[in-house]
Amino acid sequence: MTRPPKARVRHSFGRAAASYDEAAIVQRRICDRLATMLAVTGGRILDVGCGTGYALDLLRTRCPSAGLVALDISAAMLARVTGPCARVAGDAEHLPFADATFDRYWSSLTLQWCDLGRALAEARRVLMPGGSLNIATLGPATFHEVRHAFAGVDGHRHTLAFHGTGEIMQMATVARLVAVDVQTSRETAHYADFRSLMRAVKAIGANQVGAGRRPGLMGRAALARAEAAIEELREPAGLPLTYDVITLSAHR
């Protein structure tokens, strides 16, 4: 499964850093739910893909004696992180840490941008024996409304491809993680119109889709067809945008 080049992902999230906090309403809800799975612990915790640092406050509250390390691929995101923690620019697939460094690995809505098998292997490598892992990522139904909108317009890719629960379980096993638990849930945001929905996707930096993306701008007629298609899905609250959430808990 291909992923966008890291340089594009870094650039996209760097551009979105200023707008991210205002736009990331669903991301916050998902992060809050992941935090309820977190047992109180000390030691060192690594937040992979920390973004602007929202999860760090949750981690400080639930684990007040822990030492926190915030890692993100985007320096612009890291620049917005506040509070006591170490800040490290880095890639989840090539963590810049020694083996067995952390007691807990935490990541909320980051690893869908990565080679997940490689990222899980790196997570195990930097965890101490017995250390734990808590991840939220996205599954195949994510943004299915966007795919519906463009299905009759062109043959290009308009969303990432996402792993299902079975694939994630298998990759966790290959990475030699144990006590693996995978759960699924759905979150839905609603928007007044198609343009607002697509602006929201861009505002959180989720507009990089990798190989198969449309190479240029879309014309008015094509956009009108996409808008008409997504209007078929309208709900009383507005146009829906689904997040198919998969959480993974495991130990080294």
Side-chain angles (χ1 to χ4, degrees), residues 1 3 24 26-51 54-72 91-93 95 97 99-144 160-188 206 242-252:
M1 185 178 292
R3 285 289 179 263
V26 173
Q27 287 75 10
R28 300 315 188 215
R29 295 205 299 259
I30 294 168
C31 196
D32 290 344
R33 185 183 303 123
L34 186 64
T36 66
M37 304 177 184
L38 188 65
V40 175
T41 184
R44 300 189 76 200
I45 302 177
L46 174 64
D47 180 1
V48 174
C50 64
Y54 177 81
L56 295 167
D57 285 338
L58 300 177
L59 295 170
R60 289 187 193 100
T61 298
R62 295 188 68 86
C63 309
S65 65
L68 302 179
V69 178
L71 179 138
D72 203 275
D91 182 349
E93 296 176 24
L95 294 173
F97 307 110
D99 296 357
T101 298
F102 297 97
D103 299 275
R104 185 178 295 273
Y105 178 107
W106 162 283
S107 182
S108 185
L109 298 191
T110 292
L111 297 191
Q112 66 271 13
W113 297 102
C114 302
D115 178 322
L116 183 57
R118 183 176 296 175
L120 291 177
E122 277 291 272
R124 186 187 185 281
R125 181 183 67 78
V126 301
L127 279 172
M128 294 182 180
S132 59
L133 171 148
N134 294 95
I135 289 169
T137 188
L138 296 175
T142 299
F143 295 179
H144 70 84
L160 283 176
F162 300 98
H163 294 294
T165 54
E167 293 174 296
I168 291 173
M169 286 282 290
Q170 183 178 17
M171 283 185 276
T173 300
V174 170
R176 295 185 294 135
L177 294 166
V178 299
V180 176
D181 178 60
V182 175
Q183 300 181 29
T184 63
S185 61
R186 295 282 179 94
E187 288 283 352
T188 305
T242 297
Y243 292 75
D244 180 14
V245 185
I246 300 176
T247 58
L248 168 65
S249 300
H251 289 79
R252 182 180 189 273

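A quick note: this is a predicted structure, and the numbers were derived from the prediction, not measured.
Taking both residues in full, the closest heavy atoms of Ser249 and Asn134 are given as OG-ND2, 3.3 Å, listed atom of the first, atom of the second, then distance. Among all heavy-atom pairs drawn from His163 and Ile246, the shortest one is O-CD1, 3.6 Å. Of all non-hydrogen atoms in Leu133 and Ala123, the two that sit nearest each other are CD1-CB, 3.6 Å. For Arg29 against Thr188, the heavy-atom pair with the smallest separation is NH2-O, 3.4 Å. Residue Gly117 comes nearest to Met171 through the heavy atom pair N-SD, 3.5 Å, listed as atom of the first residue, atom of the second, then distance. Listed here is the closest heavy atom pair of Ala136 and Ile30: CB-CG2, 3.9 Å.
Considering CG of Leu34 and OG1 of Thr36, their distance stands at 7.5 Å, rounded to 0.5 Å. For the atom pair Thr247 OG1 and Gln183 CD, the distance stands at 4.5 Å (nearest 0.5 Å). Going from atom CG of Leu248 over to atom CG of Asp181 covers 8.0 Å, rounded to the nearest 0.5 Å. Atom-to-atom distance recorded for Leu68:CG and Phe102:CZ is 10.0 Å, nearest 0.5 angstrom. A distance of 7.5 Å separates CZ of Phe97 from CZ of Arg44, quoted to the nearest 0.5 Å. Note that the CZ atom of Arg104 and the CD1 atom of Ile45 stand 6.0 Å from one another [nearest 0.5 Å].
Here the side chain of Arg62 pairs a donor or acceptor atom with the backbone of Ala35 at under 3.5 angstrom. In terms of modelled atom types and a separation under 3.5 Å, the side chain of Glu93 and the main chain of Asp115 share a donor-acceptor contact. Of the possible polar contacts, one joining the Ser107 side chain to the Val48 backbone as a donor-acceptor pair under 3.5 Å is found. Side-chain atoms of Glu167 never come within 3.5 Å of backbone atoms of Thr165 as a donor-acceptor pair (strictly under, hydrogens ignored).
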**Message:** Before you tell me yes or no, could you show the steps for Leu95 and Leu46 under side chain to side chain contact (heavy atoms under 4.5 Å, CB included), namely the whole-Å CA-CA distance, both residues' side-chain angles and the distance that decides it to 0.1 Å?
**Reply:** CA-CA 10 Å; Leu95 294 173; Leu46 174 64; 4.2 Å; yes

**Request:** Quick one: do Asp57 and Arg60 satisfy salt bridge (Lys or Arg N to Asp or Glu O under 4.0 Å)? Show the steps, please.
**Result:** CA-CA 5 Å; Asp57 285 338; Arg60 289 187 193 100; 2.7 Å; yes

**Asked** For Arg125 and Asp99, what are the C-alpha separation, side-chain angles and deciding distance, and is it a salt bridge (Lys or Arg N to Asp or Glu O under 4.0 Å)?
**Response** CA-CA 5 Å; Arg125 181 183 67 78; Asp99 296 357; 2.8 Å; yes

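Side-chain atoms of Asp47 and Tyr54 include no donor-acceptor pair closer than 3.5 Å.
Side-chain contact between Ile135 and Ile168: absent, with no pair of heavy atoms (C-beta onward) separated by less than 4.5 Å. In this structure the side chain of Leu160 reaches within 4.5 angstrom of the side chain of Trp113, judged on heavy atoms. Residues Gln27 and Tyr243 have side chains in contact (heavy-atom distance under 4.5 Å, counting atoms from C-beta outward). By the 4.5 Å heavy-atom criterion applied to side chains, Leu138 and Asp244 are not counted as neighbours.
For CZ of Arg176, the number of neighbouring non-hydrogen atoms (other residues, nucleotides, ligands) closer than 6.0 Å is 12 at most.
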